[in-house]
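We count ligands from 1, going down the list as the structure has it; atoms in each ligand are counted the same way. Along the sequence shown, residues carry numbers from 1.
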Amino acid sequence: MATDNILVIGACGQIGVELTMALRKLFGNEQVIASDLRDEHPLLIGTGPYVSCDVMNKELLRTIIKQYNITQVYLLAAILSATGEKNPSMAWHINMQSLLNILDLAKEEKLKKVYWPSSIAVFGPNSPKQNTPQHTIIEPTTVYGISKYAGEQWCAYYHKHYGIDVRSLRYPGLISYKSAPGGGTTDYAIEIYHKALSDGHYECFLNADTYLPMMYMPDAIRATIELMEAPADAIKNRTAYNLSAMSFSPKEITASIQSQLPDFTISYKPDFRQQIADSWPQSIDDKEAQQQWQWKPEFDLDTMTIDMLKNLKQ
Ligand code: NAD
Ligand code: SER
């Protein structure tokens with residue numbers, strides 16, 4: 001492991017901060033180069049190298065890869081579902097070109113491994129809603145989902161034609177407290193904890209019975225690293241693996257919070273994100289991940305609620 005140098009692109013985002021810290025623990029601080037368009041995230045300052053870079057600038061990326069002898073890239077920069085619907089052409093351009101830049105650089109600079117996340121957003125209204133299988137009707141209806149589905153096919157193409165060891169997960173909605181979320185439809189499940197503590201009340205932008213697949217960040221970070229550290233021949237899927245931990249509605253997360261904070265109240269005012277949520281699965285079947293690289297989540301709704309509230313109070 002000590003011989004790998006890792007570039008994390010989008011390192012200051014919701015996943016990037018925690019993934020960078022986890023990779024630094026595993027590979028060493030100097031081996032993991034954090035990079036983003038934004039200023040360095042306060043939690044990353046002093047923990048290892050940081051370079052400011054636009055993922056759309058392929059030649060600057062090449063310079064960084066050569067300068068730091070990068071062997072693995074984790075590409076996290078993207079425009080998420082809700083922001084994407086406000087500016088579809090920008091979302092398509094950034095989400096596609098960033099991936100093609102990295103896949104081409106993986107080929108040209110002979111990178112050992114690439115990680116790029118997909119999403120449950122690849123599924124659409126015609127996909128089965130419950131226990132959505134790995135292989136089924138896809139047909140996404142958001143630009144974000146279309147870009148993730150196209151990206152999955154590009155990953156499989158570069159693996160097949162150029163032998164690039166690129167790996168991917170279809171993350172569910174991710175819940176965390178260390179770094180703020182970046183414009184997704186599942187962000188309500190983070191805001192609700194903050195508002196429960198600050199105001200005792202939350203106005204939710206999805207309606208009470210909207211079930212979505214969700215996961216607590218420690219599980220997502222562990223899944224990512226376990227996938228990337230699995231032997232290449234265990235990875236039979238070169239598009240992206242379904243990944244699952246829990247599924248709940250705003251009403252159920254409210255009840256979970258009320259078990260800790262009995263006075264907490266919620267009201268509902270659905271906006272444009274309701275339509276996005278309604279197009280997605282309610283729960284996911286991830287048996288390929290379980291069977292091929294032994295994926296198993298640790299957190300359920302109530303253990304996550306206890307941990308979120310404890311950490312946010314601090
Ligand atoms: P985020 O928006 O919190 O972070 C993305 C980071 O990328 C930001 O720090 C942003 O500044 C950076 N970025 C944006 N454009 C850039 C550019 N042109 N050059 C360099 N950096 C740029 O997103 P996230 O939640 O951390 O998601 C990371 C990845 O995981 C994305 O591909 C997202 O689609 C995927 N994903 C996230 C979730 C979730 O619930 N958070 C679920 C499914 C998939
Ligand atoms: N959490 C993400 C979003 O809502 C799903 O990919 O956009």
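Among Thr185, Thr83, Ile15, the residue whose heavy atom lies nearest to atom 4 (O) of ligand 2 is Thr185.
The immediate protein surroundings of ligand 1, defined as residues with any heavy atom under 4.0 Å of it, consist of Gly10, Cys12, Gly13, Gln14, Ile15, Asp36, Leu37, Arg38, Cys53, Asp54, Val55, Leu76, Ala77, Ala78, Leu80, Pro117, Ser118, Ser119, Tyr144, Lys148, Tyr171, Pro172, Gly173, Leu174, Gly182, Thr186.
Aromatic ring orientation, Trp280 versus Tyr144: tilted (interplanar angle from 30° to 60°). Taking the six-membered ring where tryptophan is involved, the planes of Tyr216 and Tyr177 are tilted, since the angle between them lies from 30° to 60°. Below 30°, between 30° and 60°, or above 60°: for Tyr157 and His161 the angle between ring planes is between 30° and 60°, a tilted geometry.
Under 4.0 Å from ligand 2, not a single heavy atom of Tyr171 appears. Residue contacts with ligand 2 for Ser81 involve both N, CA, C or O and side-chain atoms from C-beta outward (heavy atoms, distance under 4.0 Å).
The cationic group of Arg273 lies under 6.0 Å from the six-membered ring centre of Phe205 and within 45° of the ring axis, placing it in a cation-pi geometry.
Side chain of Asp285 to main chain of Thr132: no donor-acceptor pair is present (N/O by atom type, distance under 3.5 Å, no hydrogens or angles).
For the pair Asp165 and Arg238, the salt-bridge criterion is met [side-chain N within less than 4.0 Å of a carboxylate O].
Distance from atom 2 (C) of ligand 2 to its nearest protein heavy atom, with residue and atom name: Thr186 OG1, 3.9 Å. Among all protein heavy atoms, the one lying closest to atom 5 (C) of ligand 2 is Ser119 OG, 3.5 Å.
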Practice task
With side chain to side chain donor-acceptor pair (under 3.5 Å) as the test, would you mind laying out the steps for Arg24 and Asn29 before giving the verdict?
Solution key: CA-CA 5 Å; Arg24 282 182 173 161; Asn29 287 354; 5.2 Å; no
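For Tyr188, the closest heavy-atom approach to ligand 2 does not fall below 4.0 Å.
Close N/O approach between Trp280 and ligand 2 is not found [any backbone or side-chain N/O within under 3.5 Å].
With hydrogens and angles left out, the side-chain atoms of Asp302 and Thr305 include no donor and acceptor closer than 3.5 Å.
Residue Leu43 is found in a hydrophobic cluster whose other members, listed by chain and number, are Val17, Met21, Leu44; membership requires side-chain heavy atoms under 4.5 Å apart, directly or through intermediates.
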